[in-house]
Number of protein chains: 2
Amino acid sequence: MKTRTTIKDVAEAAGVGVATVSRVLSGGSASQPTRERVLAVAAELDYRPSALGRNLRQRRTGGIGLLVPDITDSFHGRVADGVLACARAAGEPVILGATGDDAESEAELIGVLLEQGVERVIAVPSGAPEPWGPAIRAGMTVVFADRRVISRDNALSAVPAVLADERAGVRNAVEYLVGLGHRRIAYLGGVGQPQRAAAFRDTLTALGIAIDEELIVFGRGTRDSAYAAASGLFQHRPDLTGVIAGGNVLGEAAVLAARELDLRVPRDVSLIMFDDVPWAELCAPPLTVIAPPAQDIGYRAAELVLRTAGRRTRGVRLPTELIIRGSCGPRR
Amino acid sequence: MKTRTTIKDVAEAAGVGVATVSRVLSGGSASQPTRERVLAVAAELDYRPSALGRNLRQRRTGGIGLLVPDITDSFHGRVADGVLACARAAGEPVILGATGDDAESEAELIGVLLEQGVERVIAVPSGAPEPWGPAIRAGMTVVFADRRVISRDNALSAVPAVLADERAGVRNAVEYLVGLGHRRIAYLGGVGQPQRAAAFRDTLTALGIAIDEELIVFGRGTRDSAYAAASGLFQHRPDLTGVIAGGNVLGEAAVLAARELDLRVPRDVSLIMFDDVPWAELCAPPLTVIAPPAQDIGYRAAELVLRTAGRRTRGVRLPTELIIRGSCGPRR
DNA sequence: ATACATGATGGAATCGTTTCCATGAAGACG
DNA sequence: CGTCTTCATGGAAACGATTCCATCATGTAT
């Protein structure tokens, strides 16, 4: 394996010093003839500056770290896609890690990023504040996506977040169901998204409907746990007529559990899912969903992390869309 | 932002030379008392060796590059997940790029990896050989996943690949349909997976069924193109009784197109999809699928790229599984 | 007691880039 | 014509690790 061409080779071939080559290539000042000659030689030798040398000198790696709970999940896949799109435009590499929504894995992955000298991170955080201490202390630029970390630590609260407007999304969905006549509406949520459950409660209260705590249940992220929660809900409270699932895994569980228990959608129960996924349209009936702008969230987060080099920035809240398909009907 | 602690700090604090610290930390020889003291001091100062310095000195970056066509696609998401699992165990960062199945983007992303000094790459290649020239020349260790690149270039053909046994998978599916009495079976394929179409043809021939070229159609990756192909197929040849879709996007298109045209599955048409995705079970009826071991493919590819440092290795072919659900019935 | 092998140790070179600083040339102005 | 400013330029330091090599101490064999 032959050694790659370095800046020194270019300098020699062009008959100038390495400093001049560096300046020409990074847009510093240089005379027109020199600039042309250096560029010609660089092209001729197919020279690519090594990020290794640059990184060491500048004590940082250009890249962007991206931490998501599960890259297999459609929502996180779309977020990642948005990040990639933006990073690509900026020519920055993206280092991906999957935390499994586990604080310990998250901390470990942050450690890896720190070691690599990555100083810009986008994360869909697991929720625990502890892993982020080292990142903040090391001066990383962090942007949260889709979720934020709740903590008394000021530094952590100052981390900007790009979020979906969950409150409005959930409110719209609840209002829609209530408008159809439903009163016994359940919320099937996941841990790590307390905002959505809170919005659910608030909206019911605002509409003058008493909150029935039995109708608010949570799954623990895995498919099995989601299914158990959904199935338990339907069996325990056959009187409910509407369900809002707080994420695509929970929505999937609700569809399966309903089918298993021979509940017809939307005749027996109306169903709304938070998150629009390709299969929502394939379901029978097609699922009415609260669609968060997943890819936009990723893209905006990347913009934010690239632009806000050091200075503080406020987060962003992006609107969701209620997409009405066929899984909701009037109260039976 | 305070400067991070370097090996020099540790050396001073421990009263030894930097060389000794390096040796202790990377398992070289050192006396017991020195080793203990250095480790104690390193832990005390919370020292993490910077990958930047190491990479430069060793002229390579530890990480693994991962190039997939579309991280949003469930299959590629699962492949990525497998790679992440293995890389994580090895403590290696993963640099992700989405090529969009476009040779030019692929080449550009390979360029970024080269610049970063990444010398191990796992890719679900777009199919074009050109982008891989520079990678091979630079001495990168490449492993292909799920697909391979067909080329007269020996170096490229020598790249190991971790593949699903598509031939056996498609064969089983065709045999299953034929066993149910079907004779006019269509194949709905994507570009970039000629193996599957070939296996389809071969199996029909082996079973003594004439190949009807009109029943073999291709979509171009996007959802729209897949839908157009599926819809055209159903409209043009209403006499077909079975369809094999060569990927999850194509399967989705087939389900939608069939529904749009009021074709009942499986009464009017039997449907098998290559790739098992969460929604396959949610469909009405649940989809019978050829399930490739997506995550295993990623994991094995990562193992391969990590272990085969330089020397040649043969690829791996992993079995698929025909999962029979409810989308196939006897010929009408 | 001398010569030699062994093993621990630290100094210094090295990787490829950016950037500071000194130098020198050339133009501007009195 | 002399001085001052401006600009292009190249040498060298710096970044943080690894690793070669010389040194030194210790133990062993003759």
Side-chain angles (χ1 to χ4, degrees), chain A residues 1-39 41-42 45-63 91 112 114-119 138-139, chain B residues 1-39 41-42 45-63 91 93 114-119 138-139:
Chain A
M1 169 175 162
K2 51 192 177 315
T3 97
R4 52 186 293 162
T5 75
T6 76
I7 199 175
K8 214 170 155 189
D9 301 328
V10 178
E12 274 174 25
V16 300
V18 289
T20 305
V21 176
S22 174
R23 267 190 300 259
V24 168
L25 261 32
S26 47
S29 74
S31 71
Q32 194 57 24
T34 324
R35 152 166 281 117
E36 277 166 18
R37 190 148 37 92
V38 169
L39 287 177
V41 170
L45 297 184
D46 192 28
Y47 168 67
R48 304 179 78 89
S50 154
L52 266 42
R54 173 181 15 227
N55 289 346
L56 176 55
R57 172 62 220 233
Q58 304 182 337
R59 283 201 286 217
R60 42 166 266 183
T61 297
V112 171
L114 243 23
E115 226 167 81
Q116 298 294 322
V118 173
E119 60 167 22
Chain B
M1 169 175 162
K2 51 189 176 313
T3 99
R4 51 186 294 162
T5 75
T6 77
I7 199 175
K8 213 169 154 188
D9 301 329
V10 177
E12 273 173 26
V16 299
V18 289
T20 305
V21 177
S22 174
R23 267 190 299 261
V24 167
L25 260 33
S26 47
S29 72
S31 70
Q32 194 57 25
T34 324
R35 152 165 281 116
E36 277 166 18
R37 189 149 35 92
V38 169
L39 287 177
V41 170
L45 296 185
D46 191 29
Y47 168 68
R48 303 179 80 87
S50 153
L52 266 41
R54 174 182 11 225
N55 289 345
L56 176 56
R57 172 64 219 232
Q58 303 183 336
R59 284 199 289 218
R60 39 163 279 189
T61 297
L114 242 22
E115 223 167 83
Q116 298 294 321
V118 172
E119 59 166 24

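This structure is a prediction, so every number in the text was calculated from the model and none was measured. All chains are named by letter (A, B, ...) in the order of the sequence lines, taking the proteins before the strands, and each is independently numbered beginning at 1.
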Report which part of the nucleic acid A/Gly15 touches: base, sugar-phosphate, or nothing (heavy-atom distance under 4.0 Å, all strands). sugar-phosphate
Give one of base, sugar-phosphate or nothing for A/Leu56, where a contact means two heavy atoms less than 4.0 Å apart. base
Working to the nearest 0.5 angstrom, can you tell me the gap between [X] [atom1] and [Y] [atom2]?
{"X": "A/Thr61", "Y": "A/Glu115", "atom1": "OG1", "atom2": "CD", "result": "11.0 Å"}
{"X": "B/Leu52", "Y": "A/Gln116", "atom1": "CG", "atom2": "CD", "result": "8.0 Å"}
{"X": "A/Leu56", "Y": "B/Arg57", "atom1": "CG", "atom2": "CZ", "result": "12.5 Å"}
{"X": "A/Arg37", "Y": "A/Gln32", "atom1": "CZ", "atom2": "CD", "result": "12.0 Å"}

Between atom [atom1] in [X] and atom [atom2] in [N], what is the gap in whole Å?
{"X": "B/Leu114", "N": "C/dG16", "atom1": "CG", "atom2": "P", "value": "14 Å"}
{"X": "A/Asp9", "N": "C/dC15", "atom1": "CG", "atom2": "C1'", "value": "13 Å"}
{"X": "A/Glu12", "N": "D/dG10", "atom1": "CD", "atom2": "P", "value": "13 Å"}
{"X": "B/Asn55", "N": "C/dT17", "atom1": "CG", "atom2": "P", "value": "14 Å"}
{"X": "A/Arg59", "N": "C/dT19", "atom1": "CZ", "atom2": "C1'", "value": "13 Å"}

Checking side-chain contact (heavy atoms from CB on, under 4.5 Å) against B/Leu39, which of B/Val10, B/Leu25, B/Val21 comes through? B/Leu25
Using OP1 and OP2 only, check whether a side-chain N or O of B/Thr34 sits under 4.0 Å from C/dA8. no
Would you please confirm or rule out a distance under 4.0 Å between OP1 or OP2 of D/dA8 and any side-chain N or O of A/Ser31? no
Heavy-atom protein contacts under 4.0 Å, nucleotides 17-26 of chain D, coded B base, S sugar-phosphate only, - none: BBBB------
Can you find a heavy atom in the side chain of B/Arg4 that is under 4.5 Å from one in the side chain of B/Arg48? yes
